[in-house]
Structures are given as structure tokens and as C-alpha cells.
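Okay, structure first, notes after.
Proteins get letters first, then strands, A, B, ... in listed order; numbering begins at 1 in each.
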Amino acid sequence: MIKNALGLFVVWLVAALVVRGIFSDLLAVAGVRPDLLTLVLVYWALAAGPVGGTLGGFLMGLIADAELSRGLGVQAGLFAIAGFGIGQAGRHLIREHLVLQLALLFVGTLFIGLGRLIALVPHDGFKSLLFSLPLLLGSALYTALLGPALYWLLRQIGLPDLLRNVHAEE
Amino acid sequence: MSSARGGERREWVVLVGCLVTSILLFAFGGKVDVGWVPRAEVALLWPAEETRRFLEDLASLRGENEHLRREIAHLEQERALLLRAGAENERLRRTLDFAAPRAATVRPARVLGVFGEPWALSYQISGGNDRGFKVGQAVVAPEGLIGRISAVGGDESSVALLSDPALAVACEVIPSGARGTVRFRAEERPALYLFHVPLTDTVRVGDLVVTSGASTLFPAGLPVGFVARLGRDPDGLLQEIEVRPAAPLTRLREVFVVVDTERLGSWQLPPSAEVHAGSAADSAHADTARAVVRASAAAAAPPSHP
């Protein structure tokens, strides 16, 4: 089961990296892009629980850090915390609920984005943060709307409901 | 209960482990080479990237193809316009060559319409009283006679063409000098015919037919056509000669009205303009005709001017 879950995680991750790398411009709306890594992390953490979410988040964060080639460990930590929190939420709430997904995606993206901004983006105090905040909020909203839409779409085309069937920890 | 607690503890341990690793990486990660991750990503994305580029190229090729198609259509139109302009230029050149050496006063007119069924009987041309056009004035083209003005309006006129059966022109054949009347006959084999030529007169196919000095309406020596076929009238007493018009009656765009027909003596053939000749024989006869007409014109006394 864990093997299947890991395989699924790898597929999701690769899909997210490919879509982000190739169709990033196509997905942009008024300069706002969805955070696809966070999107994958949220669904993965909901499906896999706190441990899977933490480890998956850590791995994704490492990849993001490596891409940025500076501040190695920052995004790994952020993603790990987000994965843990989402995993916990998924355990106690109805994870198939679209509103929950929407909320987790929004908060998750905002959390990771803010952390990334504070820790990595060189800024001259509070001003740059305020300047970047609308873009970050837009990205969080975009990701929050895109996630449930994708989840619904994948179920409509006949793919199994991953949040019901995949439980890495079971 | 204890397994649940153990599970929770394990979760926290995993989280703390990840965070500690993160902090360690942040602190000492400068020495860790992670450059291979982006490189691996590039390698992973390469097929998808190539596919995307291919699709983009395909889309742009389609657009470019469409653009080129439009460009070709535009160029085709432009080419057609240029060809038309070239043909018009050539025609006007010939017209100028024709008009320049005229001693007579000729006024150009544009053909506004061609009327008559099943063959052209008349032209509507630009110019009327405003340009001094009068009924009866000869209308010519560089190749030869076309007809005469049959009605004049304020700024337009009607021209009865040679193909109008009502129009008869006194003519003679060059070089034999055989005289007759050219008229269009609509019956049997509709064509221009030279009537009333005695059987004793020698006429050959390709001979030039010009207006004769006996004409009271047209200046003498004006090319009318070429002998196309020889025959006899139904009685067998006279020749009945089919004449091919010298001027392309249905294709003209500009014509000239000879406004001082009465002042004109023998009509001079254009020195350089091509007299409409469909064959080498026609062309040879036309040269002969020019020589004959030039000689006769030289011998003739200058016309008297009122």
C-alpha cells in the first residue's frame, strides 16, 4: 500500500513539476500563477496523513530549495510544517469536502508563500512584503480554486477518489 | 490508546527530524552540491518542453501559412493589376504611335459601351457636342476604320460600327484597285463582305481593303480589313468577297473621331503601328498596301482647306 502511495506521490510530483515548468505561462492569469507544489502537497498530505505529509513536504521543499540554489532547508522546513498541519487537519475533518480543500489550499499557499517571502526574498523591510502580498493572495486564491476544480475534474473523468482510497499510513 | 499515542509521537518525531534537518541544511548547506536537482528537472522536462515547442511551432506555422496565403492572394491581385496596366500601356503606346503622325485632327474618345446582339452593332463613346463631334464623322482605331458617328449627345455619342448592316463603305482592294462596297451581311454566314466587285478584277486572299476615293463619308485609303475568302454572289455575275475587319471591333477601349474628315485627303497608313494582320501573307500585303498608298498620296494634290 505504501509502495502504491509513494508511486502516486512521485507521479503527482512529476506532474506538478512538468506542468509548472512547461505550462506556467498558460496558467498565469493577470500575472498570478498557482502554486502547484503546494497544491500537490495539500492533496498528498490529506491522503497520506501527518507523517506522509511531513516527509512529502520536506522532499518537495528540498526540491524547491535546490531550484532556488540558496537558503537550502528553508522551504524544506516550511513544506514539512505545512504537510504536517494539513495531514492533521485531514485526519480530524472530512477531507473529501471541497470547502475544506479550498481552505487548506488557501492557507497552505499563503503560509508557504509568506515564509518564503520573509526568509528568502531580499526586501527592504515591511514595504516589500506589502508590495508582494497582493500577488501572494492572488496566488493563494488561484491555487485554492484550481485544486478542488482539478479534484472534481479527475473524479468526473473516472479516476479513483484518492482521498478515499489512498491511506499511506494504514 | 497507546498505539495512537505512539503514532502521534512518531508524527512529531518525523516533523522535528525534518525541521532539524532543515535547520542543519540551512546552516551548513552551502557546502552541499544540489545543482544536480535543477539539471535533473531539466532532463525530466525536456520531452514535454520539446513537445510544447513543437506544438507552438506548429501553431505559428499555421498562422504563417495563413499569412503567406493572404500575401499570395494579394500578390496575385497585384500581378493581375500590373498585367492589366501593362496591356493598357501597350495599347496606349500603339495609340500614340498612331495618333502622332496624323495630319488630320483626331480626337480620342473612350468606349463606354458596346451594344448589339448577337454581334456588336454600335459603341457608346465619351464626347459629343462638347468636343465637336458630329453625325457622320469617321471613327477609327490604330488598326483602321471602325465606323461612323450615328448620333451625338451633349457629352456622349453613338458610333455605328462596320458590323452594322445599315452601314456601307465604298472601298477598294490594294494592290489591284478593284472597287466595291463593304457592308455587313447578317444572313447565312454573318461577316463583312465586299460586294459589287467584277469577276474580272483580280483579288487575292490577304489583300488589304481600304476606303476608296469614291467615298463621300470617309477619307480615302483608310484600312477597313483584309480579304479573308473569295466567292461569287448568288447570280454568279460578281464577286462576293469576305473581309476580315482590320480593327478588333469588340475589344477596343479607345477610339479616335476624325473631326475634319472633309479636310482630309488620302489617309496615311501609320508608319510604325501594326496594321492588324493575322498572317504573314496579310502582313506582306499590308506592306505592299502601305507602299501603294504612300505613292498615291505623294502623287495626289494637297487637299484644299476651306
**Prompt:** If you round to the nearest 0.5 Å, how far is CD of B:Glu11 from CZ of A:Arg91?
**Reply:** 4.0 Å
**Part of A:Gln88 lying under 4.5 Å from any heavy atom of chain B** = side chain
**Prompt:** Can you say whether B:Leu15 sits under 4.5 Å from chain A via the side chain, the backbone, both, or neither, judging by heavy atoms?
**Reply:** both
**Prompt:** Going by residue number, which parts of residues 47-64 of chain B are within reach of chain A, meaning a heavy-atom gap below 4.5 Å?
**Reply:** B:Ala48, B:Glu49, B:Arg52
**Prompt:** Can you check side-chain contact (heavy atoms from CB on, under 4.5 Å) on B:Thr21 and A:Phe58, steps first, answer last?
**Reply:** CA-CA 9 Å; B:Thr21 313; A:Phe58 182 72; 3.6 Å; yes
**Request:** Report, as yes or no, whether the 6.0 Å neighbourhood of atom CD1 on A:Ile94 holds more than 12 heavy atoms from other residues, nucleotides or ligands.
**Result:** no
**Item:** Gap separating the CG atom of A:Leu78 from the CG atom of B:Leu19, nearest 0.5 angstrom
**Value:** 9.5 Å
**Distance (rounded to the nearest 0.5 Å) between A:Phe84 CZ and B:Cys18 SG** = 10.5 Å
**Message:** If you count heavy-atom pairs within less than 4.5 Å of chain B, which of A:Asp65, A:Leu62, A:Thr54, A:Val74 leads?
**Reply:** A:Thr54
**Sorted by number, residues from residues 65-73 of chain B in contact with chain A (heavy atoms, under 4.5 Å)** = none
**Prompt:** CZ of B:Phe26: more than 12 outside heavy atoms within 6.0 angstrom?
**Reply:** no
**Prompt:** What are the two closest non-hydrogen atoms of B:Ser22 and A:Gly73, and how far apart are they?
**Reply:** CB-O, 3.2 Å
**Complete:** In short, A:Val18 meets B:Leu45 closest at the heavy-atom pair CA-CD2, 3.2 Å
